[in-house]
Every structure is written in C-alpha cells, then in structure tokens.
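Below is one structure, written out as structure tokens, with a few remarks after it.
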Amino acid sequence: MNNEQYKYLLTEHDLPKTWYNINADMPVPLTPVLNPQTKEPITPEFLNVLFPMSLIEQEMSTERYIDIPEEVREIYKLWRPTPLLRARRLEKALGTPAHIYYKNEGASISGSHKTNTAVAQAFYNKVDGTRSLTTETGAGQWGAALAVACKFFDLNLEVFMVKRSYYDKPYRRIIIQSYDAEIFPSPSDRTDYGRKFLKEHPDSPGSLGIAISEAVETAVKSNGEKKYSLGSVLNHVLLHQTVIGQECLKQMEMADEYPDVVIGCVGGGSNFGGIAFPFLYNNFKNGHQTRFLAVEPIATPTLTKGLYAFDYGDTAKMAPILKMFTLGHDFVPAPIHAGGLRYHGMAPQICMLHDAGLVEAVSVPQLETFDAGILFAKTEGIIPAPESCHAIRTAIDEALDAKEKEEERVILFNLSGHGLLDLSAYDSYHQGQLVNEHFEVNQEEILQRLPKVDF
Ligand SMILES: *Cc1c(COP(=O)(O)O)cnc(C)c1O
C-alpha cells in the first residue's frame, strides 16, 4: 500500500521517430479509392487538387515505417509523450480484479488527439507550398487543432463548422478565431453547395457530410490556391495517430503488463487506429491475442449496422468514394453530444479489419456513456470528452465482465480528449434532459443511394 504506481511517463527522448503504417502488414487486400466522377481508381493528379503530394504519397504508401520530420517532433514535444495512467481509483470503485490503463490524449495543446495529425498535415502543406487550407469541423476539436497547427506554420485557414455546434457550442469557435482562422456556420452561403442546400432546407442544423462538401468545394474552386485537410478517416491521418499506440507499447512495458483488450471510440476511426495499430502489429507478427474494441454511439451505428460498400465521403458527392461501412452519404445524425462521432462512414483501414474479424465493434447508448464519464470524473478526476465517454463505458463494461469471471484482465483505453469545453452536455445530463437517441438503419434505402461502381 502507498507505493502503488499510477503514472507511466516517458521523456522527450522516447518520442517515436517514425509513424507505423499498417498497410505494410494489412492481412487482407487493400480496397481501392475511387474518383467520384469517373468511379475509376483515383489518380494522384485528382487527389492533388485537394492534398499536397507528400501526403498523397503517405496515403498510398505501403512502407512499414515513415519518418516523423524533426520540425513535427519539435512541436509534438509541447505535449508529447502523453501520460499513461493506471485507473486504480476507478478499479476500486468497480471492485474489479481487472487492471485499467488509459492514455491521456486530452493532455494535448488542443485538448484532443487531433493535434497529432493537424501538426503533420500543416507541416507537409507548408513544405509543398500551400498558403491556405480549408476544412470542416463538427464539435470543433478538429478545427481547433488545425487552427493552432496552421498558426505554427503560418498558413491561412477557413473552417466550415456544423451549424448546430457553431451556435450551441461557441467556445471552440472562439478558440479557432483566437488562432486567426476564419470560421463559418455550415451550410453557409459561401459555396454553391451550401447555397443550394440552404434553399431546400433553410433550417438545417448541418452535418459533417455537408460541411466537408463546402470545404472541398472551396479548395477545388480556388485554382490551386487552397488545399483541403481532413481530420480523420484517411490512411495518412490514422498513420499520424500511431504515435499514441507506439508510446503505449513502451509505457505498458514500464508497467510490466500487456493489454488483453484495447478500446477506443470511433467517429472516423483515427484515435482508435492510433492506439490499436501498433498493438495489432504484435497480433500479426508476434502471436499476441489482444482483442480490439471500436465503440460507437447507437445513434450512429456505422460499424455495427451500416452497409459495407463503396460510398461518397461527403454529402455533395465531390469527395473520393471509399469502401467503408456507411449509413449513407446523406445521413443526418441525431443531435447527440458526441459531435465527433456523427460521421456517416468510417476509415477504410478500420472497416477492412472489422470485416476480417480482427477488430470488434460495439455500440452504446448516450446516457450510459455519460454515466461512465461521470464515474470516471469522480474517481480519476478528469472530465472526459463526450466522445471518450464511449470508450470509458466499454472499458467499465469489460472490467465488470472480468469481475464476474474473476479475471485479472488488462484493459487499455484511449482517453481521446478532455470535456472541459463540453460542459453544456454535462449540464443537460445533470438536468435529466439527455435521451438515448436511436437510429433505425434501413439498409435497403442506403443501398439505393450508393454510387454504382464496378469494384
Ligand atoms: C474527433 C474526436 C473523436 C472522433 O474521431 P476519430 O477520428 O474517430 O478519433 C473522438 N474523440 C475526440 C475527443 C475527438 O475530438
């Protein structure tokens, strides 16, 4: 007693020097990315309208390790390596023999894991000569992360923020503006697509799919002046997030344990991929049998109830077509508080792994996620992001299952962000105003709206 270890801290010296590219070891064939107009496999030239060549090379690379540029590592040092903690007080509250560990990505300068890729994307755009970026943001975490990264590399930024969040959750908008980025509620009157959508649906609360369309259109119609940046879903984004799992590998070694189960919430799949892929490598190559749980809201049951098919990445059908579990590109989600988990699709890499049975998926109701988040706050002291509450819910359920079976299960989850800018959601919870939004998936209906492709 009294000499129990809680924190596993690395030094700047331990910061990974490379990202891990799971495409080098993917046990199933990679699915093609298609041009939304021709529906043929995409060319680097088409992608170059949206992204700089260096990121396109990463997107298509099958090299196992990709060097992290020194300039990016220098900025990572502002908050990385992030701490790994053993949630001993939560374990005691649950009375579980399980060992619960969590990686605190909420310690980042923007409050979530998203800065890991924002800094890398801003760097490569700068090197390739980009002057301005466009992007979308849901609850604002991605916009905030990219805004600070663009400030560090002296890039202009235009952000299309889902309208409901823009008005209901002003704090991240203010953060984004503090870093000099321009921000507009989406659907907006700044793009052809936004104007058309507003005309048909003047009261639309917006969606990530619509905001992506506006950001993509702005880049496409800029005559090469502006590039587009995406905060999740794509291979290069998940690649950049693997610093999380690589640090965890070292920290679990310091704790002299190895996870039986690794858990992350999934919106587009990037924080989950980031923590899971380096451990999946050990399943592929070193005979480990860790389970991987991707957790989504029952209101956006992409992996658990979506269709595995080629679909557009955005509502206006301008973004590339990806093979993914999808709820349909015109999906408008229920207004749940986990804004980062409301995307209609999912990272193709996560989808391939889930389809192959290598990653499990679970969906959880909103109220239960806040129950879990509040228990976590009361025991560990951190108010978690509503998205991260999904991972916490499932970690707690695993710990309770281990208790029933009297197993000393080792559980690792990703605390993808803190919730200090999501207090209005907690307020609704305390006042009993939160409900368990459901989404009835009609696969027939989704099927009819999918692009017709020959792959
Ligand atoms: C954006 C976000 C998510 C969801 O995005 P992924 O790409 O699935 O990781 C989860 N948690 C937090 C805190 C976020 O900001």
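Both ligands and their constituent atoms are indexed starting at 1 by order of listing. Note that the structure is a prediction, hence the values are computed from the model and not measured.
- Considering only residues two or more places apart in sequence or on other chains, S363 meets the side-chain contact (heavy atoms from CB on, under 4.5 Å) condition with E296, I298, T304.
- Sorted by first and then second residue, the pairs that involve residues 136-145 and meet side chain to side chain donor-acceptor pair (under 3.5 Å), not counting sequence neighbours, are T135-W142, E136-Y228, Q141-E387.
- Ring geometry for F370 versus Y429: interplanar angle under 30°, hence parallel rather than tilted (30 to 60°).
- Taking the centre and axis of the six-membered ring of Y308, the NZ or CZ atom of K323 falls inside the cone set by 45° and 6.0 Å.
- Residues forming a side chain to side chain donor-acceptor pair (under 3.5 Å) with K103 (at least two apart in sequence, or on another chain): T82, E247, Q251.
- The six-membered or imidazole ring of Y20 lies away from that of F277, with a centre-to-centre distance of 6.0 Å or more.
- Protein residues having a heavy atom under 4.0 Å from any atom of ligand 1 are S112, H113, K114, Q141, S232, C265, V266, G267, G268, G269, S270, N271, G340, L341, A385, E387, S416, G417, listed by chain and number.
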